[in-house]
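Some notes on the structure that comes next.
For reference, positions follow the sequence shown, starting with 1.
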Amino acid sequence: MESVKKIGDIIHHRIKTNGIYMHVVEKKSEGGGPFVLLLHGFPETWFSWRHQITHLASHGYHVLAPDLRGYGESDSPPSPNSYTMFHVVGDLIGLLDHFDQQQVFVVGHDWGATAAWHLSLFRPDRIKGIVAISVPFFPRNPDVKPSEFFKSFGDGFCISQYQETGRAERAFAKYDHLTVMKKFLLIDNIDLMVAPAGMEIIDYLEAPEVLPSWITEEELKVYADTFQKSGFIGGLNYYRAMDLSWELEAPWQGSKITVPSKLIVGNKDIGFESFIKAYIEGYFHKALVPDIEVVILEEGHHYIQQEKPQKVSDQILSFLQKLAIN
């Protein structure tokens, strides 16, 4: 059943949406400002937005940050077929309806950015503006399924390894959850995540002995404790649903993102130099997202909203304030 629990100035909701129960964190601003929806990526939870939640609320915004389906305290349906972008967008529309919001700003990172792009694509009437972090909008390739495309990078490519149910779960299980989180969240490799032949990606990634200054052992343990309870299968199912999403999205072939948009990406992000930089600076991305501002943050890696929280928060805030003026 639906429930509400307040811990300090953070409100934790358990709401029913689109056939599942979803855990949603809420932080209200004084005066009841505009709503901002924050969507996390893999392998994260609402906790990845801890800095932005405080910053945005202190500047008058009403913040909502869910655990997406498959993560944290939200339900995790067992079938990969329950993780298409239609399922995820359906969850989010139900969330907006629950909080009686016709239109909101949405900010997404990694898979959360993909969800934000699709929310803007499917239901632009519900979105005031979008900030995508680390992941630009990629159009649907009408000729090649995603899994077939990623095979071109070899079996060592992380997304290819995630396709097989149980494979990544078995590989992750060789490590304690804290080590898994360190291997992912602290990654500083700027190349695509491709393991050598015969090696699992989790074995290839390294866990640094000394933590960077932007995250603490205690914060990493929050993630580790959460995934120890939930497991990783929900997050991995997003990758396993890509082909089904691709099939269902055929009616949107060639559609553009029409809402005001901003992309924030670090110049040390995974794949930035090899393909993202040329793509986002070229004609094609601008044609697909006509009303877009692109910001490249120096020395920023993939989990940049945690690595550089002040810079990312300021970039989000400047975009929201610009739209409010316009």
Side-chain angles (χ1 to χ4, degrees), residues 17-20 22 37 39 41-42 68-71 76-97 103-104 106 108-127 129-153 157-165 192 233-261 263 271 275-276 278-280 282-292:
T17 172
N18 195 28
I20 67 167
M22 174 176 273
L37 179 63
L39 307 177
F42 175 85
L68 296 178
R69 68 165 52 209
Y71 287 93
S76 183
S79 172
N81 291 342
S82 296
Y83 291 82
T84 70
M85 281 299 104
F86 291 92
H87 289 87
V88 176
V89 169
D91 297 344
L92 299 175
I93 293 297
L95 184 159
L96 299 186
D97 291 344
Q103 276 197 326
V104 301
V106 58
H109 169 253
D110 188 78
W111 267 110
T114 299
W117 288 124
H118 282 81
L119 179 58
S120 302
L121 182 65
F122 298 158
R123 295 299 305 270
D125 58 308
R126 306 299 296 268
I127 305 302
I130 171 180
V131 178
I133 301 175
S134 298
V135 177
F137 176 66
F138 290 107
R140 178 184 184 273
N141 185 331
D143 302 317
V144 182
K145 290 184 178 181
S147 64
E148 294 297 322
F149 170 76
F150 291 124
K151 282 182 180 179
S152 64
F153 297 102
F157 187 46
C158 59
I159 296 178
S160 295
Q161 293 191 358
Y162 298 161
Q163 294 299 311
E164 179 185 336
T165 300
L192 292 177
I233 187 171
L236 291 166
N237 276 340
Y238 282 70
Y239 298 92
R240 294 162 186 163
M242 289 190 304
D243 283 354
L244 181 56
S245 286
W246 176 86
E247 292 180 11
L248 297 174
E249 290 169 21
W252 282 266
Q253 183 70 43
S255 296
K256 299 179 179 181
I257 300 295
T258 58
V259 302
S261 307
L263 173 66
F275 74 96
I276 291 178
Y279 174 61
I280 63 177
Y283 164 80
F284 198 39
H285 188 252
K286 177 68 174 177
L288 290 167
V289 193
D291 187 3
I292 190 168

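Between Phe149 and Phe153, the ring planes lie perpendicular to each other; the angle is over 60°, past the 30° to 60° tilted range.
Checked against side-chain hydrogen bond (donor to acceptor under 3.5 Å, both in side chains), Glu164 has no partners two or more places apart in sequence or in another chain. A search for ring pair (Phe, Tyr, Trp, His ring centres under 6.0 Å) contacts involving Phe284 returns nothing, not counting sequence neighbours. In this structure, His285 has no side-chain hydrogen bond (donor to acceptor under 3.5 Å, both in side chains) partners at least two apart in sequence or on a different chain. Partners of Lys286 according to the salt bridge (Lys or Arg N to Asp or Glu O under 4.0 Å) rule, which considers only residues two or more places apart in sequence or in another chain, do not exist here. Residues satisfying the side-chain contact (heavy atoms from CB on, under 4.5 Å) criterion with Ser255, sequence neighbours excluded, are Leu121, Trp252. Remark: Tyr162 engages Phe42, Tyr239 in a ring pair (Phe, Tyr, Trp, His ring centres under 6.0 Å) (not counting sequence neighbours). Lys256 meets the salt bridge (Lys or Arg N to Asp or Glu O under 4.0 Å) test with no other residue; sequence neighbours excluded. Every salt bridge (Lys or Arg N to Asp or Glu O under 4.0 Å) that Arg126 has, sequence neighbours left out, goes to Asp97. Legend: residues meeting ring pair (Phe, Tyr, Trp, His ring centres under 6.0 Å) with Phe138, ordered by chain and number and at least two apart, are Tyr279. Taking Asp143 as the reference, nothing meets the salt bridge (Lys or Arg N to Asp or Glu O under 4.0 Å) condition, with sequence neighbours excluded. With sequence neighbours left out, Tyr83 forms a ring pair (Phe, Tyr, Trp, His ring centres under 6.0 Å) with Tyr238. Looking at residues two or more places apart in sequence or on another chain, you find no side-chain hydrogen bond (donor to acceptor under 3.5 Å, both in side chains) involving Asn81.
In this structure a side-chain-to-backbone donor-acceptor pair under 3.5 Å is missing from Arg69 to Val88. Judged by distance alone, with hydrogens and angles left aside, the side-chain atoms of Ser245 form a donor-acceptor pair with the main-chain N or O of Met85 at under 3.5 Å. Under the 3.5 Å distance criterion, the side-chain polar atoms of Trp111 are left unmatched by any main-chain donor or acceptor of Leu68. Using a distance-only test at 3.5 Å, with no hydrogens or angles considered, a donor-acceptor pair links the side chain of Asn18 to the main chain of His87. A donor-acceptor pair under 3.5 Å is formed between the side chain of Thr17 and the backbone N or O of Asp91.
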- Query: Stepwise, does the side-chain contact (heavy atoms from CB on, under 4.5 Å) test hold for Tyr71 with Met22?
  - Reply: CA-CA 9 Å; Tyr71 287 93; Met22 174 176 273; over 6 Å; no
- Kindly indicate, with the supporting measurements, whether the criterion side-chain contact (heavy atoms from CB on, under 4.5 Å) is fulfilled by Leu119 and Ile93. CA-CA 8 Å; Leu119 179 58; Ile93 293 297; 3.8 Å; yes
- Going through the distances and angles, do Ile130 and Ser261 end up as a side-chain contact (heavy atoms from CB on, under 4.5 Å)? CA-CA 5 Å; Ile130 171 180; Ser261 307; 3.2 Å; yes
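Of all heavy-atom pairs spanning Pro80 and Asn237, the tightest one is CG-OD1, 3.4 Å. Residues Ala132 and Ala113 come closest through the heavy atom pair CB-CB, 4.1 Å. Across Ile127 and Val259, no two heavy atoms sit closer than the pair O-CG1, 3.9 Å.
Rounded to the nearest 0.5 Å, atoms OG (Ser76) and CD1 (Ile233) are 6.5 Å apart. Interatomic distance, CG of Asn141 versus CD of Glu148, reported as 11.5 Å (0.5 Å rounding). Here the CD atom belonging to Glu249 is positioned 11.5 Å from the CE atom belonging to Met242, to the nearest 0.5 angstrom. The CG atom of Leu236 sits 9.0 Å away from atom OG1 of Thr165, with the distance rounded to the nearest 0.5 Å. Separating the CD atom in Gln163 from the CG atom in Asp243 is a distance of 6.0 Å, to the nearest 0.5 Å. Between the CZ atom in Phe137 and the CG atom in Leu288 there is a gap of 6.0 Å [rounded to 0.5 Å].
More than 12 heavy atoms of other residues, nucleotides or ligands shown are found within 6.0 angstrom of CZ on Phe275.
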